[in-house]
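This report concerns only the one structure given below.
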Amino acid sequence: MKTKLLTSLLLSASVLLPVMTQAEDLHIHIDSDASTDGTRLLVAPFGPLAKVIESDLQRSGRFALIDPTRAAGNLTPDALKAAGAEYAIIGSQTGGLDFQLINVNNGQTVGSFRIPAHPNQRRMAHKAADLVFEKLTGVKGAFDTRIAYVSASGPAKNQTYQLIVSDADGYNPRTIVSSRKPVMSPSWSPDAKQVAYVSYETGRPVVYVQDLASGGKRTISDPNRSSISPSWSPDGRSIAYSVADRGNYNIVVAGSNGSGARQITNTRGINAEPQWADSGTLVFTSDRSGQPQLYKTTPNGGAESRMSFSGGYNAGASIAGNAVAMVRQNGGTSSITIMDAASKQERTISRGTQDDSPAISPNGMMVLYATDAGGRNSLAVASDNGKAHQSLYSQAGDVRDPAWSPYLD
Amino acid sequence: MKMKVLALSVLVIAISITGCQQVPTTAGAGGVGGVGGVGGNGYGTNGTGYGTGTGYSNGTGTGYNNGGYSNGSGGQYTPAELQNPSSILAQRVIYFDLDQADIKPEYMNVLNAHATLLRAYPNLRIRLEGHADERGSREYNVALSERRGYAVLDYMQVKGASTNQMEVIGYGEEVPAVFGHNESAWGKNRRVEIKYAGE
């Protein structure tokens, strides 16, 4: 009886309150052939956060991490050099995190840093990894960022769908939407405080925005028409998405409150998956030439031109600067390709046979994507140079459809 | 009696038209589902009208099995048959080839039956739920699956159903019928499901 009462209380609470529950951490598996070239870096074992820094830098594909036991607790430049390191991170944690980046070859301190105490201790490590990454590569680090993804569990045709946000490495997950109807296509606002997504909760796909702090939700697209694939503009003022009209789809741009939607493409067939490359450029998928290819236009429409020419099927762009990640299908398998929009040079960075939904890091140097790992739908991260691979999977169910947040403040 | 004859001739004409639209390879399956029931009453006087071609013999079989004969009203289906597992109307799913939205000939008799029912009962409403397999871009697949739903809608409209009776929703790869990463699973997931309102 007591249980029943509690259950009914919980049920009514879940109806009334925004869903903000703890989800399960993603388990991280670093592939055994992790990068052994790149800058040789040793992170002294000064506490639990040292491992987090190590793991972050590892998945960038830019570093070969040296096992700190090889220095046997001796952190003198000579000992570090003998251990094979070019650079070392030596630190201490007393509330905040203090650390130095040492050039082992000349014994010089490259930088001394202090990360203030933060309630999410792992974020302190991610911020530290960002600083080291920038110091050694000249590119801003993107470890202290977040991801959103969709989890589905339960039997076929009777699944529960959850939209989850977590740290970029899969820790600190939180379920922000839970539904018996499909949920898909998260897109972060540029301030990383809101997420646009698609839900079938009314029976058709409609674009919504959820505020992460309050759980408040607003409807963006016309609830009477199917709308898919939202993408938030860099200035936060607009959301582009794709609207159905009798089997055809065209791109619209609306205010981030849903007002003033205006159609910017007008062809038969499918025009979908808009992504803002910058404030004046939208990249989208269109099958106007037969199979899907990437095209670009402006937020006001016009000036349309085709961007992808290699391969018969290119779709699902995710963009950071000139780096354009896309799904390329070839003979029944699909993989993730990164194209430099300026030079048109390409590199295939994923290794599965059914890879999908690329989400590029804000610095363009890592791509999170959905993959099929041994029959389980999981996420994977690859560095843009193809050297580092990690998989992130959940015990709780399939995970897929990731979105990478912009830089946090 | 006069009424009945008139109704029959109208039906026969409709059926003849339908029959004409079938290319020979699809005639056996298509355009015939509604005919079977007519057979019982109509064959003797209209035999030459629609007795030609392979369509007729298939139609007879289908019609009898589905109770068209016993209700004697000229091969019309009734909504009650939606609940009859042995009725052709119990078939609610049709399947598609990879990256295709064409209606395959073997599913035309199923769609003909549903179209016939919808034409006879204008208050009936259906949802055509299109689905894709897991391959290709997830969001693009929503649009692709909706296209399959509209292929079914267009076909059923030609067969007499009204567009305001039909709604199309694309689900992409979000609601697989079966799990799995092989052609067997993919083939079962590339589908359109017919859902009647209120079911």
Side-chain angles (χ1 to χ4, degrees), chain A residues 150 152 155-159 161 181-185 198 200 203-205 226-231 241-242 244-249 269-274 285-287 291-292 313-317 326-329 332-334 352-354 356-358 370 372 374-377 398 400-401, chain B residues 92-93 97-101 125-155 157 163-164 166-183 185-193 195 197:
Chain A
V150 174
K157 299 188 78 172
N158 195 19
Q159 292 195 284
Y161 302 83
K181 298 284 174 60
V183 173
M184 61 188 300
S185 306
V198 167
Y200 282 73
R204 68 166 66 250
S226 294
S227 298
I228 60 171
S229 58
S231 173
Y241 54 92
S242 182
D245 180 16
R246 262 200 65 88
N248 297 310
Y249 274 82
I270 296 168
N271 299 280
E273 304 181 325
T285 306
S286 176
D287 68 348
Q291 287 287 295
Y313 180 115
N314 296 298
M326 66 186 92
V327 182
R328 173 164 298 166
Q329 201 171 28
T333 67
S334 61
T353 56
Q354 297 301 333
D356 189 13
S357 306
D372 162 26
R376 180 203 291 268
N377 290 318
D398 285 350
R400 75 257 191 130
D401 211 354
Chain B
R92 305 290 182 82
V93 189
D97 287 335
L98 174 61
D99 283 335
Q100 298 300 316
R125 295 286 182 274
I126 59 168
R127 269 167 70 102
L128 298 167
E129 301 184 343
H131 299 269
D133 70 30
E134 64 173 350
R135 292 176 293 175
S137 175
R138 179 173 286 277
E139 295 174 311
Y140 181 81
N141 277 346
V142 173
L144 199 60
S145 67
E146 185 176 313
R147 184 178 283 172
R148 287 185 177 137
Y150 274 103
V152 173
L153 180 144
D154 288 343
Y155 181 90
Q157 187 187 4
T163 49
N164 64 21
M166 300 180 281
E167 178 185 41
V168 173
I169 303 290
Y171 279 91
E173 58 185 276
E174 305 306 306
V175 188
V178 295
F179 295 136
H181 307 287
N182 50 49
E183 182 50 46
W186 295 330
K188 292 184 179 76
N189 289 332
R190 292 189 301 266
R191 68 199 194 278
V192 169
E193 297 188 7
K195 298 269 178 75

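Values reported hereafter were calculated over all heavy atoms of this structure, with side chains retained and with hydrogens, waters and symmetry mates removed. In what follows, every chain begins at residue 1, and chains take the letters A, B, ... in the order their sequences are listed. Every value quoted in this text rests on a predicted model; they were computed, and no experiment measured them.
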Looking only at the side chains, is there a donor atom on one of A:T285 and A:E273 sitting less than 3.5 Å from an acceptor on the other?
yes

Which answer fits A:S185, side chain, backbone, both or neither, if we ask what part of it has an atom under 4.5 Å from a heavy atom of chain B?
both

Chain B contact via A:R246 - which portion, at a heavy-atom distance below 4.5 Å:
both

Heavy-atom distance under 4.5 Å to chain B: side chain of A:P358, backbone, both or neither?
neither

By side-chain hydrogen bond (donor to acceptor under 3.5 Å, both in side chains) - contacts of A:Q354 (at least two apart):
none

Please classify the contact of B:E167 with chain A as side chain, backbone, both or neither, using a heavy-atom distance under 4.5 Å.
side chain

If you compare all heavy atoms of A:P230 against all heavy atoms of A:Y241, which two are closest, and at what distance to 0.1 Å?
CA-CB, 3.9 Å

What part of A:V183 is in contact with chain B, defined as an atom under 4.5 angstrom from a non-hydrogen atom: side chain, backbone, both or neither?
backbone

Taking side chain as everything from C-beta outward and backbone as N, CA, C, O, which of these in B:L153 sits under 4.5 Å from a heavy atom of chain A? Side chain, backbone, both or neither.
side chain

Counting heavy-atom pairs under 4.5 Å to chain B, which of A:D398, A:N377, A:T333 comes out on top?
A:N377

How far apart are the C-alpha atoms of B:F179 and A:Q159, what are their side-chain angles, what is the distance that settles it, and do they pass the side-chain contact (heavy atoms from CB on, under 4.5 Å) test?
CA-CA 11 Å; B:F179 295 136; A:Q159 292 195 284; 3.5 Å; yes

Under 4.5 Å from a heavy atom of chain A, the part of B:R127 involved
side chain

Heavy-atom proximity to chain B below 4.5 Å, by part of A:P292:
both

Does a side chain donor of either B:E146 or A:Y249 reach within less than 3.5 Å of an acceptor in the other side chain?
yes

Structural part of A:I270 lying under 4.5 Å from a heavy atom of chain B:
both

With chain B, which of A:I228, A:V327, A:D372 has the greatest number of heavy-atom pairs at distances under 4.5 Å?
A:D372

Parallel, tilted or perpendicular, judged at 30° and 60°: which one describes the rings of B:Y140 and A:Y313?
perpendicular

Chain A heavy atoms under 4.5 Å from B:V175: which part of the residue, side chain, backbone, both or neither?
both

Which atoms form the tightest heavy-atom contact between A:D356 and B:G136, and what is the distance?
OD2-O, 3.3 Å

For B:Y150, what residues pass the ring pair (Phe, Tyr, Trp, His ring centres under 6.0 Å) criterion, not counting sequence neighbours?
none

